[in-house]
Enquirer: 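One structure follows; several queries about it will come next.
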Amino acid sequence: MVPPRPLPPRAFPPRTGLPRTARAALLVTGAALLAGRTRRALRRRVAASPLWPLPALDEPVSGRPRPRPLRLRVARHERIADGVVRLRLEGADLPAWQPGAHLDLVLPSGRVRQYSLCGDPADTSSYTVAVRRIGADAGGRGGSREVHEVLRPGREVEVRGPRNRFPLTADAPAYVFVAGGIGITPVLPMVRAVEARGGTWRLLYCGRGRASMPFLEEVEEFGRQRVAVVAGDEDGRPDVAGFLAGAAGDGAAVYACGPEGLMDAVAAALPGTCSLHLERFAPRAAAGGTGHAFEVELRRSGRTVAVGPDTTVLAAVRAALPGTAYSCEQGFCGTCQQRVLEGEIEHRDELLTDAERSGTMLLCVSRARGERIVLDL
């Protein structure tokens, strides 16, 4: 048997003199640098071709991340006016809110509906909302009926928020409030807040009839000098212009919530020195919208759909991708928010911030300004 030949001198690299732990650290550092370069190269590759190396997806999901929802228990469900129930939703250490804020309720059916908070902002153990039942003949789509019939005491409900797109300014010399029917819900916490800090305010509260007007007794306790109640079946139509002329002094902040006709009347009669703040029951543009026809490219799916002048983007997209998420169809809840890759957007929603509008849209109400728009779908 031939003995193995000895290795020539210096076949092994010379020792560096570094301790074993130091050599191990150098190896780890080198591997990390290599991995970092690999990740950067991959990011550059993906940026150059967003679909690489993924194939087209049948029903991709885009849109903004959902805020962490809360699970609250219905502690109280009580009728407070004809067709109106008040819910007390209990939890612990709930997020703070300010007058004008609302909650998104994710109902057991999956519908998402928005309701103004009308309780005490200092109460961190519960939220209070009031909901009027809207029948199908009045445009209701089942959300309010579900609240009235399903959300009984003991039932849990998912809640998102609070969010506030109707904030109360703190520095107005005087305040004027106009509420129509269930529109009293965001206004009442504002009245309480201004009253608590000794501010000057007046309120016009309108409704079809006294029996249908929630929180009427509490409102009237503030006194007739500051509150005007107009019940349509007794008093006829409210004189919005006359009320504003007598109540809105220089620099007053005017807050109004109610049906579209009431909002239009307030805007038309607003004194020139006053600021106007509106909370609408529905977006100014109808969900169906009208406008020119255009095309929507669904980049990830490799499809293109046509949107007619009287068709929503949401309807056109769901015809191709039935799993596309949506809920309110009125530009309020944000469920159908999607990322826009190309094209100019005509925003018709009441929800998105300026930053969000730079690259996303709500499919249920917003449209393309041009002939084509590209979605990350």
Side-chain angles (χ1 to χ4, degrees), residues 64 67 70 89 94-105 112-124 126-131 159-205 215 218-219 222 226 244 247-260 262-263 266-267 270-271 273-284 328 330-334 337 347-358 362:
R64 66 178 179 183
L70 304 170
L89 309 174
L94 300 180
W97 61 278
Q98 298 296 323
H102 70 274
L103 292 177
D104 294 347
L105 264 59
V112 181
R113 296 294 184 265
Q114 292 68 45
Y115 299 110
S116 296
L117 287 159
C118 54
D120 180 4
D123 181 4
T124 60
S126 71
Y127 292 139
T128 300
V129 297
V131 180
V159 170
R160 299 173 188 161
R163 292 184 291 151
N164 199 340
R165 59 169 179 258
F166 191 42
L168 178 67
T169 182
D171 55 0
Y175 298 84
V176 178
F177 302 104
V178 180
I182 198 65
I184 192 65
T185 51
V187 168
L188 188 54
M190 295 181 176
V191 170
R192 296 187 192 122
V194 175
E195 174 70 5
R197 62 181 185 235
T200 301
W201 62 272
R202 293 283 303 280
L203 166 65
L204 172 62
Y205 184 19
F215 305 106
E218 180 178 348
V219 166
F222 288 110
R226 291 183 293 177
L244 290 178
D250 289 346
V254 178
Y255 286 81
C257 179
E260 196 69 21
L262 182 63
M263 301 295 93
V266 172
L270 183 74
T273 59
C274 298
S275 61
L276 180 60
H277 312 265
L278 300 178
E279 174 88 315
R280 300 179 184 276
F281 287 169
R284 180 177 291 275
C328 76
Q330 293 184 321
F332 282 164
C333 73
Q337 182 178 354
H347 292 284
R348 298 185 177 185
D349 65 90
E350 302 282 342
L351 176 68
L352 300 183
T353 65
D354 289 342
E356 290 172 322
R357 289 186 175 196
S358 66
L362 298 189

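Positions are given from 1, in the same order as the sequence printed here.
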Enquirer: Does Tyr205 form a ring-ring contact (aromatic ring centres under 6.0 Å, His included) with Phe215? I'd like the steps, not just the answer.
Expert: CA-CA 10 Å; Tyr205 184 19; Phe215 305 106; 8.8 Å; no
Enquirer: Does anything in residues 177-194 form a salt bridge (charged side-chain N to carboxylate O under 4.0 Å, His left out)? List the pairs, not counting sequence neighbours.
Expert: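 Counting only pairs at least two positions apart or across chains, the salt bridge (charged side-chain N to carboxylate O under 4.0 Å, His left out) contacts touching residues 177-194 are Arg192-Glu218.
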Enquirer: Would you confirm whether His347, through its side chain, and Arg357, through its main-chain N or O, come within 3.5 Å as a donor-acceptor pair?
Expert: yes
Enquirer: Quick one: are Asp104 and Arg163 in side-chain contact, heavy atoms under 4.5 Å?
Expert: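 With C-beta onward as the side chain, the pair touches.
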Enquirer: Leu103 versus Tyr127: any side-chain heavy-atom pair under 4.5 Å?
Expert: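 Answer yes - side chains close enough.
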Enquirer: Starting at OH of Tyr175, measure out to CZ of Arg226 and round the result to the nearest 0.5 Å.
Expert: 14.5 Å
Enquirer: Could you pull out all residues at least two apart from Pro167 that satisfy side-chain contact (heavy atoms from CB on, under 4.5 Å)?
Expert: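 Pro167 satisfies side-chain contact (heavy atoms from CB on, under 4.5 Å) with Asn164 only.
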Enquirer: Is Val131 close to Arg113 at the side-chain level, that is, under 4.5 Å between some pair of heavy atoms?
Expert: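 Heavy-atom side-chain distance check fails, nothing below 4.5 Å.
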Enquirer: Applying side-chain contact (heavy atoms from CB on, under 4.5 Å), name anything that partners Leu270, two or more places apart in sequence or on another chain.
Expert: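 With neighbours one apart ignored, the set is Val254, Cys274, Leu276.
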Enquirer: Name every donor-acceptor pair, under 3.5 Å, that has one atom in a side chain of residues 181-191 and the other anywhere in the protein, sequence neighbours excluded.
Expert:
unit_1: Thr185; atom_1: OG1; unit_2: Ile182; atom_2: O; d: 2.9

Enquirer: Considering residues at least two apart in sequence or located in another chain, which fulfil the side-chain contact (heavy atoms from CB on, under 4.5 Å) criterion with Ala174?
Expert: Thr200, Ala252
Enquirer: Decide yes or no for Cys257 and Leu278: does some side-chain heavy atom of the first lie under 4.5 Å from some side-chain heavy atom of the second?
Expert: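 A side-chain contact is absent here, since even the closest heavy-atom pair is not under 4.5 Å.
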Enquirer: Return the set of residues passing salt bridge (Lys or Arg N to Asp or Glu O under 4.0 Å) with Asp120 (not counting sequence neighbours), or none when no residue passes.
Expert: none
Enquirer: Does any non-hydrogen side-chain atom of Val219 lie less than 4.5 Å from one of Phe177?
Expert: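 Contact flag for Phe177/Val219 side chains = no.
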Enquirer: Less than 4.5 Å apart, side chain to side chain, heavy atoms only: is that true for Leu117 and Pro99?
Expert: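 Side-chain contact under 4.5 Å: no.
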Enquirer: With a 4.5 Å limit on heavy-atom distance, are the side chains of Leu352 and Gln337 in contact?
Expert: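 Leu352 reaches Gln337 side chain to side chain.
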Enquirer: Less than 4.5 Å apart, any side-chain heavy atom of Tyr255 and any of Val178?
Expert: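 Of all side-chain heavy-atom pairs linking Val178 with Tyr255, none is under 4.5 Å.
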Enquirer: To the closest 0.5 Å, what do you measure between CE (Met263) and CD (Glu279)?
Expert: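 The distance works out to 9.5 Å.
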